[in-house]
Student: 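One structure, pasted below without further comment.
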Amino acid sequence: MVKKKYLFTPGPTPIPPEVSLAEAQPIIHHRTPEFSAIIAQVKEDLKYLFQTTQGEVYTFSSSGTGGMEACVANLLTRKDRALVVRGGKFGERWGELCEAYGVKTIYVDAEWGKAVEPSAIDKALKKDKSIKAVFITHCETSTGVINDIESIVQVVHSYPVLLVVDAITTVGIQPFLMDQWKIDVAVTGSQKGCMLPPGLAFVAVRPEAWKAIEKADLPRYYWDLREMRKSLEKDTTPFTPAVSLVRALKVALDMMKEEGLEAIWRRHARLAHATREAIKALGLELFAQSPCNILTAVKVPKGLDGVGLVKRLRDKYGVSIAGGQGEELKGKIFRVAHVGYMNDFDIITAISAIEKGLHEAGYPIEVGKGVATAHALLIDSASKGAVTAISEKKSRVEVTLNPKT
Ligand SMILES: *Cc1c(COP(=O)(O)O)cnc(C)c1O
């Protein structure tokens, strides 16, 4: 077979050719009216993406974790305590970051594969009044679970505590309403829903968080949001930004505006629903109890080598899906992403590759059943299953969105 590559991983994700071409343009200098005009546009479009008019979105040249580090470095003082919600690898990352800065960190643990109970957060906040901020993951990419941020924000804000959300695999994928939900600070990265290469992190800050940012006394230099704010007011950045990526970002955001956020959320809901149903039709089980729409995490069934399946698809067929992360999940799950620049046909391809891998591994499946299930659901977007998947999220999808500018 021709070695054509297919990317079904939860970051990096496929990139539209228009975006790649924008990135390949001759470089320009960043202290120019030409580049400032791009920043001026992009800063408005990023607000649309996060659904904030009251907040501002700051772009760092880093992977998503850099944006997470910016949150920790800018919001806390040496005396503050942080509450970290952990239900997977990315929740653990919030904890590692807080501890790296010497912040006293308290944990609320959710069983991997399950969403966190808002009441567990309430209990922890009631017990310790010195907690200044809660750090949580909206969609835990390592397990495929989505947390109920709308309920959690209400719990957190019944205390004088900030809520910081890793929304790296929610923004531009499924409903995320920064202003309406009153999320103080949120982060996303370029290589998930934004259809860009890795290399940019976006930190959205609502006005309420600025008091903490001014007061914070942890060491900060590159990640200093005060410097970012001063610069962004003048449509520039404190340091040399990833100029080519920012140009590509403009094109990607144009594409996202053209499709519209609600349509993007619906598309991901449909693709996720079809994938989940196809997996179940093959007799496999989902890992996440409240699955997100960026990826489907599948339990590796008895008698199947999960690591081998991922490796076989990659090495033999050029198809990248993701395995389980860390000691906890390695070989126990595999994850297939349906995020960003993807449509119905990509799902058919992904499911057919998984069928091929399972079949070749000698695992008993009815070949074609997964593909047929996905195809039937996708071919008629009004089909019952797909409609159910969307109406579950109906209240969230049918909000009045801030207009694009
Ligand atoms: C991808 C991802 C990150 C960021 O990881 P980087 O490798 O630093 O870009 C953080 N949180 C979640 C939930 C993610 O999916």
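One-based numbering, in listed order, for ligands and for the atoms of each. Position 1 is the first residue of the sequence, and the numbers go up from there.
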Student: Which protein N or O atoms sit under 3.5 Å from any N or O of ligand 1? Give each pair with its distance.
Tutor:
from: ligand 1; atom 1: 5 (O); to: Arg93; atom 2: NH1; distance (Å): 3.4
from: ligand 1; atom 1: 8 (O); to: Ser63; atom 2: OG; distance (Å): 2.5
from: ligand 1; atom 1: 8 (O); to: Gly64; atom 2: N; distance (Å): 3.3
from: ligand 1; atom 1: 8 (O); to: Thr65; atom 2: N; distance (Å): 2.8
from: ligand 1; atom 1: 8 (O); to: Thr65; atom 2: OG1; distance (Å): 2.4
from: ligand 1; atom 1: 9 (O); to: Gly64; atom 2: N; distance (Å): 2.9
from: ligand 1; atom 1: 9 (O); to: Gln191; atom 2: NE2; distance (Å): 2.8
from: ligand 1; atom 1: 11 (N); to: Asp166; atom 2: OD1; distance (Å): 3.4
from: ligand 1; atom 1: 11 (N); to: Asp166; atom 2: OD2; distance (Å): 2.6
from: ligand 1; atom 1: 15 (O); to: Thr141; atom 2: OG1; distance (Å): 2.5
from: ligand 1; atom 1: 15 (O); to: Lys192; atom 2: NZ; distance (Å): 2.7

Student: What is the ring orientation for His138 with Trp181, classed by angle as parallel under 30°, tilted 30 to 60°, or perpendicular over 60°?
Tutor: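 Taking Trp181 first and then His138, their aromatic rings stand perpendicular (interplane angle over 60°).
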
Student: Name all pairs fulfilling the side chain to side chain donor-acceptor pair (under 3.5 Å) condition that reach into residues 320-329, sequence neighbours left out, sorted by first residue then second.
Tutor: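 Every pair satisfying side chain to side chain donor-acceptor pair (under 3.5 Å) with a residue in residues 320-329: Gln325-Arg335.
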
Student: Ignoring hydrogens and angles, tell me if any N or O in the side chain of Gln174 forms a donor-acceptor pair with the backbone of Asn293 under 3.5 Å.
Tutor: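 Yes.
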
Student: Do Thr296 and Thr275 pair up side chain to side chain, a donor and an acceptor below 3.5 Å, judged on atom types alone?
Tutor: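 Thr296 vs Thr275: no donor-acceptor pair found between side chains.
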
Student: Relative to Phe90, does Lys192 satisfy both conditions: NZ or CZ under 6.0 angstrom from the six-membered ring centre, and within 45 degrees of the ring's axis?
Tutor: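 Relative to the ring axis of Phe90, which defines the angle, Lys192 lies inside both limits.
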
Student: Evaluate the ring planes of Tyr221 and Phe239, with Trp represented by its six-membered ring, and classify them as parallel (under 30°), tilted (30 to 60°) or perpendicular (over 60°).
Tutor: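 Taking Phe239 first and then Tyr221, their aromatic rings sit tilted (interplane angle of 30° to 60°).
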
